[in-house]
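Working notes for the structure below.
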Amino acid sequence: MKSKYDAIVIGAGHNGLTNAAYLAKSGLDVLVVEKNDYIGGAAVSRELHEGWLYSNCSYVCSLLRQSIHRDLNLTRHGLMIVPYSGTTNFSLNGNYIAEYGDHDMQYREIKRHSLRDADAIHRYETDLMRYAKLIRHFLLRTPADPTSFKPRDLGEMMFMAKKFAGMGEEQVYEFMRFMTMSAGDFLDEYFENDLVKALYSTSSIIGTALGVYSPGTAYVLLHHVMGDVDGAVGAWGLARGGMGAISNALAGALKEHDGAILTEAPVAQIIVKNGCARGVALEDGREINADIVVSNLDPKRTFTNIMDAADIPSDLRKKAENFKIRGSSGKVNIALTGKPDFPSLPADHKLRNGSFQFLDSMERMERAYDDWKHGRWSDDPFIEMTQSSVWDPTLASPGHYFVSCFIQYCPAEVEGGWTPDKRDAFGKTVIDQICNYSPNFRDHIAHMEVRTPFEIENEIGLTEGNIFQGELTIDQLMFNRPFPGYSQYRGPVKGMYMCGSGTHPGGGVSSACGANSAREILMDLKRPNVVPEDDVDE
Amino acid sequence: MSNYDIVIIGAGHNGLACAAYLAKAGRKVLVLEANDEVGGLAATREFAPGFRASVAQTLPQLNRGLVDDLNLEKHGFKLALDAMPTVAMAPGKSPISITSGALSGANAEDSAAYPEYRRLLNKFADAINPFWHKRPPMIADGDMGDLATLGKFGWNLRRLGKDDMRELMRMIALPAQDLMDEFFQDDALKAALSWDCNIGSKLAPRSPNNAVLALLLRMSGDLTDGLPLPAGGAGGFTDALAASATSFGAEIRCGAAVEKVLIDDMSVSGVQLSNGEQVQATTVISNADPKTSFLTLLGAQHLDVQFTHRISRLRNQGYVAKLHLALDEIPKFTGLEKPAGRLMLTPSMKYIECAFDDAKYGGYANELPMEVIIPSLVDDSLAPVGKHVLSANIQYAPYAVKGGWDQHREQFLANALATLSQYSPGIESQVSAAELLTPADLEQQFNLAGGHWHHAEFAIDTWWMNRPTYGASQYTTPISGFHLCGAGAHPGGGLMGTCGANAARAILEDR
């Protein structure tokens with residue numbers, strides 16, 4: 001480690017690594033400092049039980065920008081995204097509904113439940129895809145400041161206006177409507193069958209401290225379908241070798257351009273002198289100098305933990321305190337010695353290899369949200385179970401399985417605080433729920449890791465364990481993300497930047513925040529841009 | 001059979017305002033009202049011998065311009081009270097009185113924060129205000145007036161200044177809970193201030209996106225600096241509107257229910273009443289809610305599929321019940337010398353949210369959030385001498401209560417009285433009569449599908465050019481000669497007559 005670098009990035013999550021890789025690619029001398037002894041933040045693969053590799057935080061991938069994947073040669077650095085499909089949603093009475101990638105199969109599947117809904121599916125997919133393709137134009141761009149008269153902001157506003165106008169007036173108004181409404185209301189407009197609505201509603205509240213009927217959740221639904229796998233918009237994939245493969249590939253790209261990573265180096269403070277960022281002070285007392293300091297931490301941690309209140313404007317501290325980061329999700333990662341059996345599905349049905357959800361109706365989801373509001377986890381939690389190792393045999397040995405369960409909702413604070421006992425009780429609730437659908441599931445468990453927002457916050461450093469580094473509500477999106485006036489990745493002092501999911505375009509393993517931030521830094525340094533534009537859909 | 005230029009269906013405040021403006025401009029106007037009296041939800045009705053009340057009750061949104069244009073004061077309109085304070089109540093706590101200028105009884109921090117809260121909201125309200133009174137813009141056809149409206153909107157936002165414009169664009173999406181938490185500490189104060197964010201809608205303090213917009217709509221009036229209370233109940237306002245319309249030559253027929261709108265070759269040719277009588281007119285304006293207007297009166301067979309779908313999907317289920325009590329004497333509320341003002345029986349936002357939780361699933365809470373007014377304290381036309389009327393808005397009373405309202409009416413009323421007695425012990429013994437109007441009652445008594453205050457949910461997604469929906473947001477519809485002038489049109493519900501006035505202006509400009 002040197003005592004001075006051109007730029008220091010705090011946090012070796014995927015956005016921090018992306019940011020650093022682009023700064024390094026541009027020729028800067030870059031150091032990434034990471035508090036843990038491993039890199040990746042929430043995009044990691046860890047052998048928590050011998051023989052099983054866990055994607056123990058993020059577990060699936062779709063938002064990763066393809067242009068960055070290609071531009072940084074991530075494939076050569078070992079990254080392979082394996083598309084998967086076939087989500088089965090079970091109801092308590094033994095019924096199920098599946099989501100297929102294939103349109104005709106989807107039609108037939110929904111027709112089993114409702115002819116009317118099957119006829120609506122084309123309209124639903126068309127509408128959602130139209131919105132997704134619109135929003136994809138803005139992922140790898142810096143949001144315009146609508147209060148600014150600078151040519152660049154005006155130009156960006158024009159770009160946005162043109163993309164909107166391209167949809168036609170009717171669709172502009174439909175889109176404006178869509179952006180502010182609830183997923184529940186949106187789905188009610190297309191579908192009548194509870195199971196169909198349940199199937200599609202789950203994306204609207206994943207990671208979000210809102211219910212399916214809270215206005216604004218339609219956008220969260222869109223946030224989960226605006227990604228792609230190899231250009232197939234809306235598809236999801238797994239990173240072969242677990243989500244850590246993404247971080248490792250990004251680190252490979254960083255190292256290829258001579259960037260460095262320092263682990264076990266928690267930052268105590270960003271050093272500010274004369275209104276300029278000058279480097280970081282580590283918790284062990286070491287100081288590293290750099291004129292560029294980029295924080296990949298969430299905005300709350302950045303401005304209330306590692307920046308001195310005297311170094312930032314007082315209104316910014318207030319904004320950071322008011323910024324909404326609400327822990328609402330838990331994870332249970334499970335090593336299995338046998339394949340889980342779901343008796344509702346016919347033997348050898350291909351859906352047995354897919355992922356599973358357990359939800360009869362949006363009402364059940366809303367009730368789980370009500371429990372969360374009152375500071376408790378639900379006795380009837382929503383679970384999304386991904387059988388990662390079925391698609392990626394590198395995660396477990398033959399005959400063994402790794403499944404990742406995402407649970408909505410789990411409060412960041414419970415009465416009396418989280419304790420290991422309460423955490424285990426939460427884990428038991430999850431397993432009990434799974435056993436309602438797969439009675440012998442418990443017999444296969446070799447090891448499991450239960451993570452409430454408390455564990456996620458303490459280990460990964462995400463405030464309240466929020467997977468998006470901040471709620472995806474309109475007041476915190478686009479030019480409002482993270483705060484109005486700070487949406488262009490620049491911090492309050494010269495040379496200080498943000499690059500985490502708390503910035504535009506928000507959470508998910510996208511690398512877009514890190515890339516956009518790098519582009520802004522290079523612009524300020526008057527260096528040529530090396531960050532690619534986004535892929536443009538036909 | 002007679003001929004009119006214009007037939008207006010429904011003599012609610014918007015129908016009457018629309019009629020008055022059109023008649024004033026020289027049009028021959030006939031207003032047809034199904035009920036035996038004008039006013040709709042704004043009619044002051046006798047609910048027990050000598051006791052009168054109306055569904056709507058205060059006038060925060062009324063504008064001086066409309067009052068003057070239509071000479072309402074000459075026709076008998078006056079205020080019983082200029083500015084009614086809002087009083088935040090919680091059992092066991094001393095009340096906090098809220099006026100547009102200041103708080104009294106609040107802690108020092110909240111009292112200090114209030115002026116900044118009001119300053120911001122007033123500034124936002126001023127920026128937005130002109131647009132409540134204009135036709136929503138549609139841009140594609142390049143209409144210069146619409147482009148000017150949009151340009152003015154952008155300019156008004158910019159004129160807020162960088163910081164406040166940014167705050168507006170962020171705060172507009174905040175749930176009431178976050179908005180209040182950012183400014184205030186006291187639970188009862190926050191709950192009372194949050195009330196106007198959600199009342200009338202299927203929303204609660206935690207619901208994002210609509211709180212500030214609803215507040216700004218409530219702040220759109222300029223009649224007084226506070227919360228005005230009309231003399232003679234809301235009917236005092238609508239009666240003046242009716243008198244004004246009549247004075248300009250409009251004809252109003254009560255007890256004349258329109259059964260359908262007559263269509264000839266995609267154009268309106270008149271209406272047919274339930275007794276079979278037909279009235280010819282080339283312009284028909286509906287003050288009914290959008291679903292009733294398009295699906296019942298007009299008929300989906302005249303509309304294309306996409307448009308029909310847009311109307312069908314409108315959220316129009318009401319969540320507010322209205323309670324009227326006939327009281328033998330002035331009720332005693334703990335902590336108050338006199339129950340003057342708008343009493344908010346809402347100890348906290350969580351309390352409101354919990355009541356909403358029950359309503360979401362078709363039930364209702366044991367402890368009901370209530371907004372209580374005793375208008376007879378300042379208006380002796382509403383009750384016999386010495387006696388009083390209590391009038392309350394109660395959340396949440398779901399239109400589609402599980403099992404139907406017939407089986408829940410008594411229980412709901414009992415819950416409401418039990419809640420009231422927490423604040424006014426012994427009030428039950430003073431009650432000589434009660435009228436409970438659930439959303440189902442509003443639907444049945446006022447021909448209002450869903451019983452929704454705003455005719456269709458008032459929210460950002462059904463606002464401005466999306467109100468009630470694309471294709472009908474400029475007071476015109478896909479059917480030539482058929483127009484909307486009710487709360488389902490821009491700017492929405494609330495006793496103000498603005499929808500009607502805007503519709504009249506749009507129709508007059510069109511010719």
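Letters A, B, ... are given to chains in the order of the sequence lines, protein chains preceding strands, and every chain is numbered from 1. Worth saying up front: this structure is predicted, and the values here are computed from it rather than measured.
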Taking every heavy-atom pair that is under 4.5 Å apart, which of [options] has the most such pairs with chain A?
options: B:Ala173, B:Ala204, B:Gly471; value: B:Ala173
options: B:Ala140, B:Gly154, B:Pro175, B:Cys354; value: B:Ala140
options: B:Pro208, B:Ser207, B:Ser312; value: B:Pro208
options: B:Met138, B:Met165, B:Glu353, B:Met171; value: B:Met138

If we only count heavy atoms from C-beta on, is the [X] to [Y] side-chain gap below 4.5 Å?
X: B:Arg170; Y: A:Lys319; answer: no
X: B:Gln306; Y: A:Glu170; answer: yes
X: B:Met169; Y: A:Thr147; answer: yes
X: B:Tyr470; Y: A:Val172; answer: no
X: A:Asp145; Y: B:Lys162; answer: yes

Query - Straight-line distance of B:Leu179 CG to A:Asp475 CG, nearest 0.5 Å - result: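 Interatomic distance, B:Leu179 CG to A:Asp475 CG, rounded to 0.5 Å: 10.5 Å.
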Query raised in the report: CZ/B:Arg467 to CZ/A:Arg177 distance, rounded to the nearest 0.5 angstrom?
Result: 12.5 Å
Considering all heavy atoms, the nearest [X]-[Y] contact:
X: A:Pro146; Y: B:Arg158; answer: O-NH2, 3.0 Å
X: A:Pro484; Y: B:Glu167; answer: CG-OE1, 4.4 Å
X: B:Asn466; Y: A:Tyr173; answer: ND2-O, 2.9 Å

What part of [X] gets closer than 4.5 Å to chain B, counting heavy atoms only: side chain, backbone, both or neither?
X: A:Ser148; result: both
X: A:Arg481; result: neither
X: A:Phe479; result: side chain
X: A:Leu477; result: neither
X: A:Asp315; result: neither

So, [X] and [Y], do they make that salt bridge, N to O below 4.0 Å?
X: A:Lys373; Y: B:Asp357; result: yes
X: B:Arg313; Y: A:Glu174; result: yes
X: B:Asp178; Y: A:Arg326; result: yes

Contacting moiety of [X], where chain A heavy atoms sit under 4.5 Å:
X: B:Arg206; value: both
X: B:Leu157; value: neither
X: B:Asp181; value: neither

Query raised in the report: For the candidates A:Lys318, A:Gln476, A:Arg123, which exhibits the highest count of non-hydrogen atom pairs separated by less than 4.5 Å from chain B?
Result: A:Arg123
Query raised in the report: Looking at A:Glu363, A:Met179, A:His374, A:Glu189, which one has more heavy-atom pairs under 4.5 Å with chain B than the rest?
Result: A:Glu189
Query raised in the report: Quick one: is the NZ or CZ of B:Lys360 closer than 6.0 Å to the six-membered ring centre of A:Tyr369, and within 45° of its axis?
Result: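 Not flagged: B:Lys360 not positioned over aromatic ring of A:Tyr369.
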Query raised in the report: Can you check whether B:Lys202's main-chain N or O pairs, donor with acceptor, with A:Tyr213's side chain at less than 3.5 Å?
Result: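 Such a contact is absent between A:Tyr213 side chain and B:Lys202 backbone.
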Requested in this report: Before giving the answer on side chain to side chain contact (heavy atoms under 4.5 Å, CB included), spell out for B:Trp463 and A:Met176 the whole-Å C-alpha distance, their side-chain angles and the decisive distance to 0.1 Å.
Outcome: CA-CA 10 Å; B:Trp463 181 60; A:Met176 283 163 38; over 6 Å; no
Requested in this report: List the steps, then state whether side chain to side chain contact (heavy atoms under 4.5 Å, CB included) holds for A:Tyr219 with B:Asn209.
Outcome: CA-CA 12 Å; A:Tyr219 171 74; B:Asn209 289 358; over 6 Å; no
Query raised in the report: Crowded around A:Glu415 CD? As in, over 12 foreign heavy atoms under 6.0 Å?
Result: no
**Report entry** A:Glu192 atom CD: more than 12 heavy-atom contacts under 6.0 Å
**Finding:** yes
Query - Test log, rule side chain to side chain contact (heavy atoms under 4.5 Å, CB included), inputs B:Arg315 and A:Met181 - result: CA-CA 11 Å; B:Arg315 308 191 296 278; A:Met181 70 192 303; 4.2 Å; yes
